[in-house]
Amino acid sequence: DQQVKQNSPSLSVQEGRISILNCDYTNSMFDYFLWYKKYPAEGPTFLISISSIKDKNEDGRFTVFLNKSAKHLSLHIVPSQPGDSAVYFCAASMGATNKLIFGTGTLLAVQP
Amino acid sequence: GAVVSQHPSRVICKSGTSVKIECRSLDFQATTMFWYRQFPKQSLMLMATSNEGSKATYEQGVEKDKFLINHASLTLSTLTVTSAHPEDSSFYICSAILDTNQPQHFGDGTRLSIL
């Protein structure tokens with residue numbers, strides 16, 4: 001049973017436009033959510049996180065929105081740059097265990 | 001910033017060989033390290049949680065005698081794939097955290113190929 005889902009396996013966006021990556025989860029006990037960026041043959045790089053007590057967190061070009069009632073979070077990248085092209089994973093954890101449950105990833109391609 | 005180093009980056013070996021992978025936190029002491037496995041075009045799946053000075057906690061379906069984890073210090077955890085077989089071929093990634101509810105920082109992974 002996939003507790004964290006990224007239903008779009010890929011997304012293509014023009015440079016300068018907004019990229020919106022979506023993630024849904026099923027376990028209401030999750031209280032900490034993260035987005036990671038991953039290049040092939042490398043480990044994931046942490047981008048941004050959000051606690052369940054918030055509904056928005058912003059860091060430069062990256063903003064994460066959390067809708068707890070819909071069990072949905074999204075990552076907005078604006079403006080998108082070609083260097084943002086990578087696979088993006090959302091992840092969730094609950095309590096102090098820190099165990100991360102990852103989504104299946106979305107491949108973002110930013111076209112110059 | 002925090003850096004996690006994983007070694008080796010790639011291993012190719014014969015079936016039946018045991019392979020050791022090291023995960024080091026370079027500029028912080030990691031109370032907890034994690035080991036993940038990623039099959040092609042799939043998500044990262046947690047294998048085990050490694051706590052310094054105590055036994056690792058394995059996820060359901062992960063054989064603890066197959067995947068030996070040792071977390072001997074606050075900066076080093078090792079994963080040994082014992083008597084590896086072709087089905088163990090995968091991308092193994094470790095991560096480390098400094099404190100609860102802090103983001104995990106990942107190593108660059110180890111591509112294990114068993115012939």
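Keep in mind that what you see is a predicted model, and the values were worked out from it rather than measured. Worth knowing before you read on, the calculation uses all heavy atoms, side chains too, and leaves out hydrogens, waters and symmetry mates. In the text below, chain A, chain B and the rest are named by the order of the sequence lines, each starting its count at 1.
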hydrophobic_cluster_shared for [Y] and [X], side chain cutoff 4.5 Å:
X	Y	result
B/I69	B/M33	no
A/V4	A/L11	yes
A/V110	A/Y88	yes
B/M45	B/W35	no
A/I101	A/M29	yes

Quiz item: Does B/H7 NE2 have over 12 foreign heavy atoms under 6.0 Å away?
Solution: no

Quiz prompt | Part of residues 67-87 of chain A lying next to chain B, heavy-atom separation under 4.5 Å | solution = none

Quiz item: Considering heavy atoms only, which positions within residues 34-64 of chain A lie below 4.5 Å of chain B?
Solution: A/L34, A/Y36, A/K38, A/A41, A/E42, A/G43, A/P44, A/F46

Exercise. Kindly compute the distance separating CD1 (B/I97) from OG (A/S93), expressed to the nearest 0.5 Å.
Key: 9.0 Å

Closest approach of [X] to [Y] (non-hydrogen atoms, all atoms of both residues):
X	Y	value
A/F102	B/L44	CB-O, 3.7 Å
B/L46	A/L100	CB-O, 4.5 Å
B/S43	A/F89	CA-CE2, 4.2 Å

Exercise. Tell me, out of B/Q6, B/R111, B/Q38, who's got the most heavy-atom pairs with chain A below 4.5 Å.
Key: B/Q38

Quiz item: Can you list the residues that meet the ring-ring contact (aromatic ring centres under 6.0 Å, His included) rule with A/F33, with sequence neighbours excluded?
Solution: A/Y25

Self-check item: Within residues 51-63 of chain B, residues adjacent to chain A where the heavy-atom gap is under 4.5 Å
Solution: B/E59

Practice problem: Would you check if A/T104 and B/Q42 make a side-chain contact, meaning some heavy-atom pair closer than 4.5 Å? | Solution: no

Quiz item: Between A/G103, A/P9, A/G105, which shows the greatest number of heavy-atom pairs under 4.5 Å with chain B?
Solution: A/G103

